[in-house]
Structures are given as C-alpha cells and as structure tokens.
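Report on the structure given below.
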Amino acid sequence: YTGSNPVIHVDDDGLEKIVVVGNQGYSPKSDRTGPASKEGYRYGKYTRHFLQSGLNQARKYKSSGKEQVTMVIYKGNYSQKELDKYQQAAAKSGITTIIVNSAKEIANYVNTQDSRVFGSDRADDLVTSFAYVGHGWKKGLYTGYNAIENAVDHDPLHTKDLEVGAFALHADILLNSCASGYDVMDDFV
C-alpha cells in the first residue's frame, strides 16, 4: 500500500494520485539546442520536458495532501541517466516512481496497483487524480510514441483498458497531450 516503501511513504486513506509520463521520442527534438550528436539540451543535461512536466505535476499532487503519489514512466528511449535523475528528484519529494515498458503495464498499474498483474482489484486504493503527460491522439494516449527510432510505434494506452472501478467517483483527470479532448476524455467522463 506504500509503493513497497513504508518507511518513506504514508498512505493513511488508501487513495492514490497517478501521473503517467509517455515516451518523448526522438521527434520532435524540442529539448535539443543543437545537433543530436552534441547532446545539448534546452533545460539542462539529462532533462526532458515530458519528464520535467510529469515531475512538476506529481509535486503539485504531493503538496496537496498525504495521499500516495506515483509517477509511472514509460521507459521508451529515455536514457538511464535521465531516468535516474527524475527518480531521485521524485524520491526527495516523497513520490514513488515506476518504470514500465508498455501501455499494458500502465493499464495494469492503474487497475491493480501492480504493473505485472492483470485482472485483480484496486477497490481499497482508488485513484483520485490521474494526469498524463505525453503524445496522444483522439483514439488513445500514445505512451510509446517513437520508442523505436525511425519506426511507427505508438503503443497506445486506450482508456477503455482502464477499469472504471479503479477511480474514485469524482476523480480529477488532467490530460496533457495532443487531441486528448476527443474520444479519450469522453471515455474518462
């Protein structure tokens, strides 16, 4: 109930806020300040704006109460140094991070609180807030966008794969992706 870390995390009410960060991909190269070969980043070395936006949202959630806050990051092509940087920053803020390799693992975590389990119940630990930062389109959240360089690879998270019973009745939903105001948000409503 404490993200396998009861010393750091306290979850008195059994509720959880989740921030999902999708793969930023190689394109567009909006974080780069120059050629990819120079590894220059606009916001600093090993900093990516999807990861930073996700961390900022998780910190907002954490500052609003004692609820457990979990940041679920789609590994994609983020470097280990980038992931380490954000995991350490999250831990300092009391935020649990989970690294996943597929949209199915994200759905499993939202539905069951375990990315490896499918079909169990989250009834005792409802999601009260859900935020997504990443690529998207009207039919899904493209968590794996450009996870494989030069390949068409979106690995969409379809909201129909998220169990209604995993969410509190008046859960807050924040979708920071292209076109998520269409069918994706309608599914949440």
Side-chain angles (χ1 to χ4, degrees), residues 3 16-64 68-103 105-107 109-110 115 127 129-159 162 171-182 184-185 188:
E16 183 176 10
K17 297 178 180 187
I18 297 174
V19 177
V20 174
V21 179
N23 184 56
Q24 191 164 320
Y26 292 99
S27 177
K29 295 182 172 104
S30 56
D31 285 330
R32 303 256 187 226
T33 58
S37 62
K38 295 199 181 224
E39 297 293 326
Y41 290 95
R42 178 174 311 201
Y43 303 107
K45 194 171 184 181
Y46 309 124
T47 301
R48 302 293 290 274
H49 71 265
F50 281 5
L51 288 168
Q52 188 63 50
S53 294
L55 179 61
N56 291 346
Q57 184 61 46
R59 284 176 171 158
K60 284 180 189 174
Y61 282 165
K62 191 67 180 174
S63 69
S64 67
Q68 178 179 334
V69 177
T70 304
M71 193 163 79
V72 180
I73 302 171
Y74 189 103
K75 169 116 175 52
N77 51 26
Y78 291 121
S79 73
Q80 193 57 52
K81 286 183 180 182
E82 290 168 334
L83 294 172
D84 289 347
K85 175 182 177 167
Y86 285 93
Q87 285 184 296
Q88 290 168 9
K92 284 181 184 177
S93 297
I95 299 162
T96 302
T97 55
I98 297 171
I99 309 298
V100 298
N101 294 303
S102 70
E105 288 181 70
I106 296 168
Y109 184 80
V110 171
S115 63
V127 177
S129 296
F130 176 90
Y132 174 75
V133 178
H135 295 285
W137 193 240
K138 63 183 182 176
K139 296 292 182 183
L141 303 171
Y142 286 174
T143 56
Y145 183 83
N146 277 355
I148 301 172
E149 192 171 10
N150 300 322
V152 177
D153 181 26
H154 305 305
D155 195 13
L157 173 63
H158 296 286
T159 48
L162 303 178
D172 293 319
I173 308 298
L174 177 62
L175 302 177
N176 294 300
S177 68
C178 293
S180 59
Y182 296 109
V184 174
M185 193 59 180
F188 276 110

Shortest non-hydrogen contact from [X] to [Y]?
X      : Y      : answer
Ile95  : Arg59  : CD1-N, 3.7 Å
Gly136 : Ser177 : N-CB, 3.8 Å
Asn23  : Gly76  : OD1-CA, 3.4 Å
Ala58  : Met71  : CB-SD, 4.4 Å
Ala90  : Thr97  : CB-CG2, 3.5 Å
Pro156 : Ala103 : O-CB, 3.4 Å

- Message: Which residues pass the side chain to side chain contact (heavy atoms under 4.5 Å, CB included) test with Ala131, not counting sequence neighbours?
- Response: Val19, Gln57, Tyr61, Leu174

- Ser53 meets the side chain to side chain contact (heavy atoms under 4.5 Å, CB included) criterion, sequence neighbours left out, with Val133

Point-to-point distance, once rounded to the nearest 0.5 Å, from [atom1] of [X] to [atom2] of [Y]:
X      : Y      : atom1 : atom2 : result
Asn77  : Glu82  : CG    : CD    : 8.5 Å
Ile99  : Ile73  : CD1   : CD1   : 4.0 Å
Ile18  : Tyr109 : CD1   : OH    : 5.5 Å
Ile106 : Asp155 : CD1   : CG    : 7.5 Å
Leu157 : Tyr74  : CG    : OH    : 10.5 Å
Asn176 : His135 : CG    : NE2   : 12.5 Å

- Message: What I'd like to find out is whether the side chain of Tyr78 reaches to under 4.5 Å of the side chain of Lys85, using heavy atoms alone.
- Response: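 No. Closest side-chain heavy atoms not under 4.5 Å.
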
- Message: Could you tell me if the side chain of Val20 sits less than 4.5 Å from the side chain of Phe130, heavy atoms only?
- Response: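 Yes, at least one pair of side-chain atoms sits under 4.5 Å.
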
- For Tyr142, check ring pair (Phe, Tyr, Trp, His ring centres under 6.0 Å) against everything at least two apart and list the hits. His154

- Using a distance-only test with no angle check, is there a side-chain donor-acceptor pair under 3.5 angstrom linking Asn56 and Gln52?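 The answer is yes; a qualifying pair exists.
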
- Message: Quick check on Lys75: does its NZ atom have over 12 non-hydrogen neighbours (other residues, nucleotides or ligands) under 6.0 Å away?
- Response: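 Yes, NZ of Lys75 has more than 12 neighbouring heavy atoms, counting only those of other groups under 6.0 Å.
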
- Under the side chain to side chain contact (heavy atoms under 4.5 Å, CB included) rule, what do Tyr132 and Thr143 come out as? Steps first, then yes or no, please. CA-CA 9 Å; Tyr132 174 75; Thr143 56; 3.7 Å; yes

